[in-house]
Amino acid sequence: MPKNTQQAGKPISPSSEEVLARLEQLAKSIYDQIQSGKPPYLDIPVRTLANTIWDKKRKLLVLGPKTAKREFFDIGESKRFMQTILMLSLIVRARRENDYPTIRDLYYTGKHTIYYVNEYGKKVSEETWDDQRESNAVIQDIEVATGLLREHMGIMHDAKGRIVGNMIIRSKGTEIDLSRMGSGAWGIPSNVDQLEITKVEADYVLVVEKGAIFERLNEEEFWKKNKCILVTGKGQPDRSTRRMVRRLWEEFDLPVYILTDADSYGYYIYSVYRSGSISLSYESERLATPEARFLGVSTSDIERYKIPKNYIIKATERDIKRAKELMNYPWFKESKRWMEELQLFIERGEKIEIEALSGHGFKFLSNVYIPEKIANKEWII
Amino acid sequence: MPKNTQQAGKPISPSSEEVLARLEQLAKSIYDQIQSGKPPYLDIPVRTLANTIWDKKRKLLVLGPKTAKREFFDIGESKRFMQTILMLSLIVRARRENDYPTIRDLYYTGKHTIYYVNEYGKKVSEETWDDQRESNAVIQDIEVATGLLREHMGIMHDAKGRIVGNMIIRSKGTEIDLSRMGSGAWGIPSNVDQLEITKVEADYVLVVEKGAIFERLNEEEFWKKNKCILVTGKGQPDRSTRRMVRRLWEEFDLPVYILTDADSYGYYIYSVYRSGSISLSYESERLATPEARFLGVSTSDIERYKIPKNYIIKATERDIKRAKELMNYPWFKESKRWMEELQLFIERGEKIEIEALSGHGFKFLSNVYIPEKIANKEWII
Amino acid sequence: MSEKYRGLSPAEFFHRNKEIAGFSNPSRALYQTVRELVENSLDATETHGILPYIDVEVRLHEDRPEWVTLRVADNGIGIPAHEIPNVFGRVFYGSKYVVRQTRGVFGLGVKMAVLYAQMTTGKPIYVKSSTRDSDVVGEYLLYIDISRNIPHVQKMRIKKKNKNWHGTIVRLTLEGAWLQSKKRIEDYIRRTALISPYATIRYRSPDGELLFERVSKELPEPPQIGKYHPKGVDIEILKDLIRRSNNNDMTLAGFLEKYFEGVGEKIAQEFLTWAGFQPDTKVKELKLADLEKLATAMKNFPKWRRPRPLTLSPLGPELLKKGVKSILKPEFATAVIRPPSSYGGHAFIVEAAIAYGGEIPPQDNVLLLRFANKMPLLYDEGVDVSRKIVDSIDWSIYKIKFPAPVAVVTHVCSTKIPFKGVGKEAIADVPELEHELEIAIRDVARRLRIYLSKLEKMYEVKRKEVTIRKYMGEVSSSLAYVLNMDPNSISSLLEELLKKELEKKEVTVNA
Amino acid sequence: MSEKYRGLSPAEFFHRNKEIAGFSNPSRALYQTVRELVENSLDATETHGILPYIDVEVRLHEDRPEWVTLRVADNGIGIPAHEIPNVFGRVFYGSKYVVRQTRGVFGLGVKMAVLYAQMTTGKPIYVKSSTRDSDVVGEYLLYIDISRNIPHVQKMRIKKKNKNWHGTIVRLTLEGAWLQSKKRIEDYIRRTALISPYATIRYRSPDGELLFERVSKELPEPPQIGKYHPKGVDIEILKDLIRRSNNNDMTLAGFLEKYFEGVGEKIAQEFLTWAGFQPDTKVKELKLADLEKLATAMKNFPKWRRPRPLTLSPLGPELLKKGVKSILKPEFATAVIRPPSSYGGHAFIVEAAIAYGGEIPPQDNVLLLRFANKMPLLYDEGVDVSRKIVDSIDWSIYKIKFPAPVAVVTHVCSTKIPFKGVGKEAIADVPELEHELEIAIRDVARRLRIYLSKLEKMYEVKRKEVTIRKYMGEVSSSLAYVLNMDPNSISSLLEELLKKELEKKEVTVNA
């Protein structure tokens with residue numbers, strides 16, 4: 001059953017009027033403090049591990065109730081306060097003028113020099129921000145303070161994802177048939193919530209870590225032969241790819257299978273589709289697919305599929321360290337199978353790539369590995 | 001006028017029969033040597049700067065007449081000879097079985113262990129190849145030896161490019177309308193030569209270095225308002241993006257404008273669209289767009305568009321070194337304007353990003369910069 | 001062929017092996033000569049309660065550019081006329097073979113200078129001296145008879161004193177590399193003035209004149225001659241003391257009480273019982289094996305008292321601070337002294353100072369000035385115990401971030417400085433000494449931290465005001481845009497709120 | 001208070017300052033004592049044309065674990081019975097105050113050992129010796145009278161010789177840290193055996209016995225006593241020589257010809273004219289200023305001949321190679337000797353060896369074994385000239401890639417080794433010496449390269465065959481797949497072609 005059938009396929013983005021209202025309300029609340037004689041502050045939900053809660057029932061990371069009081073008159077916070085208000089005004093301007101800036105555009109638009117005299121009496125200067133990490137951080141603050149995703153605010157990013165399959169999407173009044181892309185694919189746009197998914201005829205979603213494997217499976221028309229939606233995020237997935245996968249899972253109740261290399265980076269990518277990043281837990285309700293299934297390639301497949309020794313790559317210390325970190329993620333910790341798999345990876349200190357399966361023939365992946373794994377329910381969750 | 005009107009839009013890939021024949025011929029020539037009692041060798045065109053010729057008339061880098069005799073019985077070359085023959089057999093197998101392997105698949109498929117006794121009497125072992133650079137190198141050797149591109153041989157790669165505009169492509173019997181992608185775009189496939197471009201209604205091609213800028217311009221429907229084909233390679237372009245741009249230029253006689261950051265990396269990316277890499281000069285007849293025009297952002301635009309000082313990034317030593325290297329490329333050397341621009345970059349030691357123009361407003365790039373530059377013919381070539 | 005055997009005089013030995021004493025080349029020899037003469041002059045003054053006036057002059061020879069004439073004059077106790085030839089003309093002759101803190105210890109330094117001068121220029125040393133209680137002045141031109149290690153007087157004059165002058169003037173000419181050593185010599189003089197702030201030092205050289213006037217008339221208590229500490233003796237020292245006692249009836253208990261530092265009747269009895277000796281044994285009757293047993297027991301007995309500091313003469317924190325301030329000219333300086341301690345039977349006292357800001361230039365590492373028995377140590381800083389301690393300290397816990405204008409001064413006083421080598425430039429990391437030095441250095445560092453903290457707090461309030469005003473314009477204009485309001489009205493409200501906020505805080509700092 | 005002046009004996013001086021001579025602690029003292037005694041024994045043998053037999057024994061005291069008894073016996077020329085007390089009981093007494101290469105130079109080492117023993121254990125040194133031309137054996141138990149620097153004979157026995165024995169046996173007991181120094185001592189003995197391959201050295205210790213039997217009966221030509229080189233003199237040396245000449249009629253020309261190395265009538269005349277002296281001047285009439293002028297001129301005259309190597313006694317390449325092979329057991333070894341050279345009037349000769357493979361373990365840096373006047377140098381390698389040279393060489397140009405099993409041996413012979421310090425462990429980078437050492441080291445490295453090249457070439461042909469066969473299977477099966485043929489038929493054809501190819505090449509190498 002679809003998780004959210006009433007809204008299946010419909011655009012989810014808040015309207016422009018609603019977006020603008022929420023942004024303006026934030027400014028208003030600050031002005032009210034000033035007018036009533038109170039030192040102004042912002043209440044920002046805390047984005048740290050300590051305020052990140054694992055929702056056992058929904059199997060998601062969510063932001064906890066803690067908030068931080070960012071005071072303008074606190075010397076350690078006044079700059080961040082200023083940056084937040086400045087960024088807010090830039091985003092408001094873009095919405096009022098119907099522009100779609102990138103986060104880099106916002107960085108440049110808000111960056112300028114402040115001249116002043118310092119505590120030692122010298123004339124000096126300072127930038128509103130020095131690098132994009134600062135401007136990005138306040139965008140995140142505004143996201144959590146308003147409950148809006150940056151995409152809803154019209155902020156664009158370098159979208160990497162590709163998708164093909166028997167599905168139709170309505171975007172800007174156009175019907176797009178993702179089964180008629182020829183050798184190409186549809187490039188997933190920044191704001192997936194503005195899309196209407198009007199038709200999906202598939203048994204599952206197959207998400208492939210590597211773009212080259214996607215190209216290969218696409219050229220072979222694997223999605224047609226196996227009745228699936230084929231997606232790639234080309235490595236670590238961007239927000240729009242994750243959003244698309246979640247919508248297919250949530251709104252169309254499609255099983256989601258993730259195919260990565262058998263290494264801690266691949267396992268981490270699965271983790272990003274599955275529950276997201278701890279530091280971005282405020283996003284996970286919209287960007288995570290909590291029931292995503294790890295199809296492969298797993299460490300135990302080395303034995304099961306008799307991968308030759310000279311296809312095996314020695315895991316680095318960084319790989320092992322990363323795997324140990326993953327073992328602390330709740331969605332891995334609660335899974336007996338995942339803990340077994342990670343423990344095996346750590347013990348063996350070996351990793352293999354998807355392409356290592358080609359030792360059994362170029363068609364082994366598409367004709368044997370994927371269908372058999374799905375048929376035999378040999379995924380990991 | 002189209003450069004190649006008789007073939008405008010038609011698929012260019014050689015047939016499978018022809019591809020197979022050329023590959024088999026290479027093996028036959030080696031067997032003939034052995035049968036006639038000669039130590040076997042391969043005649044491979046040399047892929048170095050010394051055998052790279054600048055075709056002044058066509059404004060292209062081309063391979064010169066030099067070839068290298070790769071002898072099996074030469075201790076320094078026998079492994080490479082073996083690897084070449086091994087790779088040849090893998091590619092032949094893929095063609096015979098209608099597979100589309102990635103270069104990584106080929107790497108794994110051909111990688112196995114050779115056991116032998118060394119000159120000191122010890123039992124040792126060796127891999128057919130140890131990393132993908134080795135297997136890639138022999139793929140390139142086969143390309144130059146047979147005159148086929150890897151895409152013609154059915155080898156897939158991680159394709160990054162996106163394209164939108166008033167154009168229709170026929171692929172695998174499907175008509176794809178690139179003006180009906182909604183907020184998304186069409187992901188350019190690996191083998192562009194199999195595509196038939198059946199209709200193009202545009203005044204020019206705009207190639208944007210950055211994916212995020214592409215997303216922004218696409219969401220704004222810049223291509224509709226300005227009647228152009230909008231392309232991105234997302235940084236350094238892959239072979240299929242370059243091939244698509246060249247086909248639009250060559251077959252449909254469209255001016256091609258390149259938009260990058262104002263730094264030596266951006267200038268290099270222009271260079272790759274323009275004439276390709278010296279080490280891959282054998283590709284340039286198919287992948288280069290010799291009359292590509294550099295639209296911006298240029299170093300002189302810092303002054304012209306009054307870019308604020310705090311938007312300017314200090315160029316690194318690597319940037320300066322790269323710019324000096326670019327000055328030695330024939331297509332830069334022969335251009336008075338390019339030499340001026342590169343000299344200015346080196347002198348000022350400053351760089352700016354496309355997004356720096358957002359200081360003049362979010363719409364400045366699409367409403368002022370690009371249209372004015374094109375109208376005033378302020379590109380560089 | 002058979003071997004021919006013969007003895008060498010000490011003068012001949014050091015003539016052949018001059019590098020042993022630090023006279024390895026013309027540059028080092030010149031520095032070393034300056035050092036030897038200045039240190040003798042200071043020993044002749046302050047050790048005897050005289051405020052020093054030292055005059056150092058370096059001149060280059062007109063005709064022979066590689067020749068340097070050095071003249072050092074002092075207002076010290078002088079040297080009796082009949083002792084002058086031996087003091088300057090005989091290796092291993094002097095007044096410092098006692099348990100007492102002095103700069104000179106070997107009875108070698110100035111003789112090496114004399115040797116070096118006569119072997120490189122052939123010129124004799126000129127000495128003029130008069131003691132306080134004498135009515136004559138002695139003047140000599142001297143050589144050392146190297147093969148016999150006795151003075152060779154070329155010229156001598158004893159004349160009646162017509163002024164109340166006392167002191168010593170020494171002049172000699174040696175082959176010296178002035179250009180290569182002038183920086184070190186000036187540093188040495190400057191640091192000597194730091195550690196001797198009660199001294200007036202006049203330094204004239206081909207580069208001009210420097211005058212370091214005393215900044216205090218207060219002299220430290222001069223050191224007294226003391227006794228061996230029982231913990232540091234060996235068999236030969238016992239033999240020597242017994243021989244010199246010249247008393248056939250002296251008991252072992254009496255011997256210990258008379259000849260050793262901090263040994264009274266009670267502790268002597270306790271030790272002898274512990275060691276298994278009869279207290280009434282006659283020392284003259286002790287056999288060599290008994291002496292060995294006694295020496296080992298003295299070394300191992302755990303209850304000896306610590307040596308008293310009577311033999312030492314530290315500066316004290318006030319004088320050290322004055323010296324530091326007058327030479328380094330910092331904005332902040334402080335100094336401390338540690339209680340007396342001992343290693344291997346030798347008493348020692350450690351002093352330290354720290355200086356910050358002012359004319360001290362910021363550097364990536366602590367500027368370290370090391371002293372031992374009031375002598376500046378310029379060479380071999382890298383292997384010295386003070387550098388080891390300074391490098392091991394995390395200076396950020398004292399609020400010092402590098403590059404910083406901070407200097408540390410360390411001073412070790414002892415009857416025997418544990419130098420690492422003959423050049424007397426680096427102090428070895430004897431555990432007891434290292435421990436005391438670290439405590440002293442951290443103590444002054446803590447005091448600097450207090451000063452820096454107060455300084456910081458004063459700027460903190462100012463910084464808050466500056467920072468919030470810095471961002472007020474941005475906040476006002478941004479809010480105004482979003483809310484379609486006038487920026488000035490928002491600024492006014494914020495300004496008002498800020499003033500109220502700042503009134504809650506007020507800080508002053510005494511530098 | 002007034003000062004009390006007195007003189008110290010040299011023995012008393014070094015008793016007070018034992019660290020100057022390298023006796024700073026029980027570990028170093030034990031090593032230093034072994035070294036002093038072994039070096040004396042070797043000087044007493046090879047310097048006089050005797051194939052050395054050295055017996056070294058280290059024993060720990062049963063009751064006193066910190067006490068170590070050291071016994072060294074040799075078959076040298078012995079010491080005349082009447083000289084034994086002074087040789088062992090008087091500082092600055094010996095037979096090595098001449099211009100000649102010996103290990104001992106100061107006349108101090110063994111006295112320091114005696115001093116250290118008597119002050120730490122109270123035990124006398126035992127000496128037994130007999131000369132070749134004597135019919136008696138002298139035995140002594142000795143102390144040093146420290147305050148007077150004269151020997152104190154506790155027991156003495158002179159007895160008739162009943163065997164034709166000659167040599168010296170020395171035994172003493174000192175406080176020594178055996179565990180901390182045993183590794184160094186064993187290294188020292190082993191390296192001594194390397195540089196003296198004509199010596200048989202037996203080393204017994206609490207860890208067992210090592211025997212290094214001689215691998216050659218060929219002794220190097222012993223060094224002769226020579227004269228000063230005119231370039232290195234100073235005023236005092238001139239004075240001393242003139243005094244010792246005892247000839248009032250000697251002319252300056254005659255003086256130079258008689259007392260200085262490599263000065264004949266022609267060169268003496270030329271020099272005196274250059275320097276502005278009358279050749280027939282009587283030396284006794286020269287004033288001190290004349291001597292200064294003479295010394296300076298002698299130092300600066302550019303045409304003195306290089307010193308002849310009569311005073312030196314290098315090993316020669318054959319003996320050095322034998323020593324290296326017997327101790328390091330490499331697969332390859334070679335050695336070279338450089339022509340005599342000089343610095344500052346001192347003749348020197350440099351030798352070097354290189355060894356590769358065999359029992360030498362691969363290391364990330366060249367294993368360096370340094371020697372001076374046939375003495376192993378174990379400490380302070382980091383500041384030594386040989387280490388500096390070895391580190392500056394790009395060893396890849398000699399076909400050496402690290403980790404590599406390569407050892408370099410350097411040996412400097414001179415009448416005066418320019419040690420950096422008193423410990424006699426590191427040689428200073430004197431330019432003339434550095435230059436010769438680098439040439440020697442590169443020479444042996446070049447010879448190693450030739451050997452490694454030949455080795456490489458032999459393997460090259462073999463490698464070609466192996467390589468092509470290695471890949472033949474892949475080529476055959478790949479071609480067969482593409483051409484739909486049988487792989488074996490292609491392999492057969494290729495095998496036939498390969499055999500023809502290999503017949504064109506044939507190489508052999510003599511290791």
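Naming convention: chains lettered A, B, ... in sequence-line order (proteins, then strands); numbering from 1 in each chain. In this text the structure is predicted, and so the values were computed from the model without any measurement.
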Check: Of the backbone (N, CA, C, O) and the side chain (C-beta and beyond), which part of B:Pro308 lies under 4.5 Å from a heavy atom of chain A, both, or neither?
Finding: neither
Notebook entry, point to check: Which heavy atom of A:Glu219 sits nearest a heavy atom of B:Met156, and at what distance?
Noted result: CB-CE, 3.5 Å
Item checked: Test log, rule side-chain contact (heavy atoms from CB on, under 4.5 Å), inputs A:Ile176 and B:Arg180 -> CA-CA 7 Å; A:Ile176 309 162; B:Arg180 299 176 57 83; 5.7 Å; no
Next item on the list: Between chain B and each of A:Val192, A:Leu195, A:Ile188, A:Ile169, count heavy-atom pairs under 4.5 Å; write down the option with the most.
Entry: A:Ile188
Next item on the list: Under 4.5 Å heavy-atom distance to chain A, tell me which part of B:Asn191 shows up: side chain, backbone, both or neither.
Entry: neither
Item checked: Lys/Arg-Asp/Glu bridge criterion (N-O < 4.0 Å) met for B:Lys210, A:Asp158 -> no
Checklist line | Choice from A:Pro189, A:Ser190, A:Ala94, A:Gly154 maximising heavy atom contacts with chain B below 4.5 Å | finding: A:Pro189
Note to self: Less than 3.5 Å apart, any donor N or O on the side chain of A:Glu353 or B:Tyr108 sitting next to an acceptor on the other?
What the structure shows: yes
Item checked: B:Tyr107/A:Glu355 under side-chain contact (heavy atoms from CB on, under 4.5 Å): CA gap, chis, key distance, verdict -> CA-CA 8 Å; B:Tyr107 160 80; A:Glu355 291 94 334; over 6 Å; no
Notebook entry, point to check: Per the side-chain hydrogen bond (donor to acceptor under 3.5 Å, both in side chains) rule, which among A:Asp130, A:Thr113, A:Thr128 passes with B:Asn310?
Noted result: A:Thr113
Checklist line | Top contributor to chain A contacts, counting heavy-atom pairs under 4.5 Å, from B:Gly211, B:Gly361, B:Gly359, B:Ala212 | finding: B:Ala212
Check: Do the side chains of B:Thr102 and A:Glu215 get nearer than 4.5 Å, heavy atoms only?
Finding: no
Checklist line | Largest heavy-atom contact set with chain A, pairs under 4.5 Å, which of B:Ser240, B:Gly187, B:Ser366, B:Gly182 | finding: B:Gly187
Note to self: Restricting to non-hydrogen atoms, name the atom on A:Ser183 and the atom on B:Ser171 that form the minimum distance, rounded to 0.1 Å.
What the structure shows: N-OG, 2.6 Å
Checklist line | A:Arg104 versus B:Ile313, closest heavy-atom pair with distance | finding: NH2-CD1, 4.3 Å
Check: What residue, out of B:Gly184, B:Pro101, B:Gly173, has the most heavy-atom pairs lying under 4.5 Å from chain A?
Finding: B:Gly184
Notebook entry, point to check: Is A:Glu221 salt-bridged to B:Lys172, cutoff N-O under 4.0 Å?
Noted result: yes
Margin query: At a heavy-atom distance under 4.5 Å, which candidate from A:His360, A:Arg170, A:Lys160, A:Gln194 has the highest pair count against chain B?
Written below: A:Lys160
Next item on the list: Against chain A, label B:Ile307 side chain, backbone, both or neither, depending on which of its atoms sit under 4.5 Å from a heavy atom there.
Entry: neither
Check: Is there a donor-acceptor pair under 3.5 Å between the side chain of B:Arg216 and the backbone N or O of A:Asp105?
Finding: no
Checklist line | Max heavy-atom pair count under 4.5 Å with chain A, selected residue of B:His157, B:Lys234, B:Glu220 | finding: B:Lys234
Next item on the list: Quick one: which of B:Thr174, B:Asp99, B:Leu90, B:Asp177 has the most heavy-atom pairs under 4.5 Å with chain A, could you say?
Entry: B:Asp99
Checklist line | Audit row: B:Phe362, A:Leu106, side-chain contact (heavy atoms from CB on, under 4.5 Å) steps and yes/no | finding: CA-CA 9 Å; B:Phe362 292 130; A:Leu106 291 167; 3.7 Å; yes
